[in-house]
Amino acid sequence: MPTMMKALRKMSSGPGLQLESVAVPEAGPTDALIRVRAASICGTDLHIYGWDRWSQSRIKPPLTLGHEFCGYVERVGEEVRGIAPGDFVSAEMHVNCGYCHQCRIGQPHICQNLEIIGIDRDGAFAEFVRIPARNVWKIDPGIPEHYAAILDPLGNAVHAVLAGEIAGHTVAVTGCGPIGLMAIAVARACGCSTLFATEVNPLRAALAKRMGADEVINPVEADAVARVRAATSGAGVDVLLEMSGNPTAIQQGFKMLRAGGRASLLGIPSQPVNLDLVEDVIFKGATVQGIYGRKMFETWVQMTALLKSGRLDLEPLFRERYILDRFQDAFTLLEGGQASKVLFYPNGGVDMVQK
Ligand code: NAD
Ligand code: ZN
């Protein structure tokens, strides 16, 4: 067992990351130490890499990034039950406090004192990561390794899609980044009827089709609201899954929603958004839901069942695989606007770049 390891870290306030040699974390009595097999880069990691306004206010360097991963349990603390060295696992990276009001009433995903591993404490872009054992999730043997590395964003999509009825319902997904694309696949697997998607990036629009959207509309080139309303006999869709965080897309999404429909909002706008509450929510009798993280652990159970059913094909999302030393190439690729999941293999085991 080594005492030092490689870790991809934000070392100071400013753009960029550094590959550092740091001590392998100690596992406390209630922790698990995981040997990382594969970790995936999230849009949030790109924000931290570029050091945007949000990162400046939230991130306290030095910090190891990475909150989407899978790996093998290396060691567990003496109080840990239910997992053992050698288990193949992922983890819920939102760590709840256990004592606030929401934690006490069974809503830990919206805990008042939530900390995120890879954002508030050292994450998984490293050879090893320390995780509170109660957050560790054993991977069903039927789930492929590369899928196990992206359960965190897939869980966001599953949480949003299954936050209300979906079977037999018409759906609009606004924004086809990785999470929007996964939401398309999940909604399809759960038996939605016609699914419309909006996206401004042609690469991502093409992926949306491959993931199962019936019609993908570029709202810059066509009147997306008119198109969706026309295709639904003027009524609008039953379900809006807002996956962009873009104010225009959010406003259009509400105009596409039928009276009595459900709007599940996951995308995070960087500023307050103007909404016509009277026309789009109140007179419509719409149900509006904020979607944050994944339900602990209902979403993980649902996601496992969906993956085991074999109905979720996420292959179009995967792109290159890198060892940590090639992190610059990985981030540059993603900054180019790909909606793909790029994987790191911090302990090696892949031959540099693979498709
Ligand atoms: P992303 O930024 O890769 O995807 C957003 C997509 O929206 C992009 O493909 C973009 O081209 C598209 N878009 C932009 N303007 C548009 C418009 N006017 N119409 C249609 N599409 C438009 O992000 P992602 O990683 O897929 O995540 C989706 C959103 O969810 C982001 O806002 C992210 O910050 C947020 N997020 C929320 C949670 C949560 O728990 N609520 C968790 C993770 C991510
Ligand atoms: Zn709490």
Side-chain angles (χ1 to χ4, degrees), residues 40-48 50 52 54-55 58 67-68 92-116 118-119 134 150-160 163 172-185 196-208 211 213 216-225 228 240-253 255-256 264-271 273 289-296 299 317 334-342:
S40 174
I41 305 177
C42 165
T44 308
D45 300 319
L46 274 181
H47 290 306
I48 302 172
D52 68 355
W54 171 83
S55 311
R58 176 73 180 256
H67 57 271
E68 303 177 358
E92 169 55 64
M93 298 298 248
H94 287 195
V95 181
N96 69 300
C97 73
Y99 53 79
C100 76
H101 182 80
Q102 289 90 272
C103 282
R104 288 283 161 104
I105 62 167
Q107 299 175 337
H109 66 293
I110 43 172
C111 164
Q112 290 171 30
N113 306 300
L114 213 53
E115 280 191 19
I116 305 180
I119 288 178
R134 66 188 161 95
I150 62 161
L151 296 179
D152 178 289
L154 179 62
N156 293 140
V158 169
H159 182 185
V173 174
T174 46
C176 301
I179 302 180
L181 291 169
M182 292 186 214
I184 293 172
F196 304 91
T198 65
E199 174 56 57
V200 291
N201 172 329
L203 277 174
R204 294 173 173 216
L207 275 173
M211 300 301 284
V216 186
I217 308 158
N218 182 339
V220 176
E221 291 169 356
D223 184 340
V225 175
V228 168
L240 164 66
L241 303 173
E242 206 307 297
M243 302 284 162
S244 75
N246 179 280
T248 308
I250 295 170
Q251 287 153 351
Q252 289 178 338
K255 299 284 177 210
M256 289 172 193
S264 298
L265 310 182
L266 176 122
I268 302 174
S270 53
Q271 284 165 7
V273 176
Q289 307 165 316
I291 302 292
Y292 188 43
R294 297 143 298 277
K295 286 196 176 168
M296 300 173 200
T299 305
L317 290 180
L334 285 173
E335 280 186 319
Q338 300 281 348
S340 320
K341 299 311 288 180
V342 168

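Numbering of ligands and ligand atoms starts at 1, following listing order. All values below were derived from every heavy atom in this structure, side-chain atoms included, with hydrogens, water molecules and symmetry-related copies excluded. Worth saying up front: this structure is predicted, and the values here are computed from it rather than measured.
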ask   = Counting heavy atoms only, which part of N246 comes closer than 4.0 Å to ligand 1: side chain, backbone, both or neither?
value = side chain
query = What atoms of ligand 1 come within less than 4.0 Å of a heavy atom belonging to V200?
reply = 11 (O), 17 (C)
query = Closest heavy-atom contact between I184 and A197?
reply = CD1-CB, 4.1 Å
Region of C42 that comes within reach of ligand 1 [heavy atoms, distance under 4.0 Å] = neither
task = Going by heavy-atom distance to atom 9 (O) of ligand 1, choose the closest among Q252, R204, H159, H47.
result = R204
query = Among I268, D152, I217, T248, which residue places a heavy atom closest to atom 32 (O) of ligand 1?
reply = I268
ask   = What heavy-atom pair brings G118 and I48 nearest, and what distance separates the two atoms?
value = O-CD1, 4.5 Å
request  = Check whether any N, O or S atom of C100 sits under 2.8 Å from the Zn ion (ligand 2).
outcome  = yes
inquiry  = Between E92 and V95 (side chain of the first, backbone of the second, donor and acceptor by atom type, cut-off under 3.5 Å), is there such a pair?
reply    = no
ask   = What are the atoms of ligand 1, with element, lying closer than 4.0 Å to any heavy atom of T198?
value = 20 (C), 21 (N)
inquiry  = Evaluate G180 for polar contact with ligand 1, using N/O atom pairs at a separation under 3.5 Å.
reply    = no
At the Zn ion (ligand 2): angle between C103 atom SG and C111 atom SG, to 10 degrees = 110°
query = Is there a side-chain contact between L207 and C176, using heavy atoms and a 4.5 Å cut-off?
reply = no
request  = Under 4.0 Å from a heavy atom of N156: give me the atoms of ligand 1 that qualify, with their elements.
outcome  = 40 (O), 42 (C), 43 (C)
query = Would one find an N or O of Y292, backbone or side chain, under 3.5 Å from an N or O of ligand 1?
reply = no
query = Is a side-chain donor or acceptor of Q289 paired with a backbone partner of A163 at a separation under 3.5 angstrom?
reply = yes
ask   = Hey, which atoms in ligand 1 end up nearer than 4.0 Å to a heavy atom of P219?
value = 19 (N)
T174 contact mode with ligand 1 (heavy-atom cut-off under 4.0 Å) = neither
query = Donor-acceptor pair, Q102 side chain versus I110 backbone, under 3.5 Å?
reply = yes
inquiry  = What I'd like to find out is whether the side chain of H94 reaches to under 4.5 Å of the side chain of M296, using heavy atoms alone.
reply    = yes
note = For E68 and C42, the nearest pair of non-hydrogen atoms, with its separation, is OE2-CB, 3.1 Å
inquiry  = For atom 27 (O) of ligand 1, tell me which residue out of L46, I179, D45 has the closest non-hydrogen atom.
reply    = I179
inquiry  = Please state which option from G245, A208, G43, P178 has its nearest heavy atom closest to atom 24 (P) of ligand 1.
reply    = P178
key: S340 versus L334, closest heavy-atom pair with distance   = O-CD2, 3.5 Å
request  = Ignoring hydrogens and angles, tell me if any N or O in the side chain of H109 forms a donor-acceptor pair with the backbone of Y292 under 3.5 Å.
outcome  = no
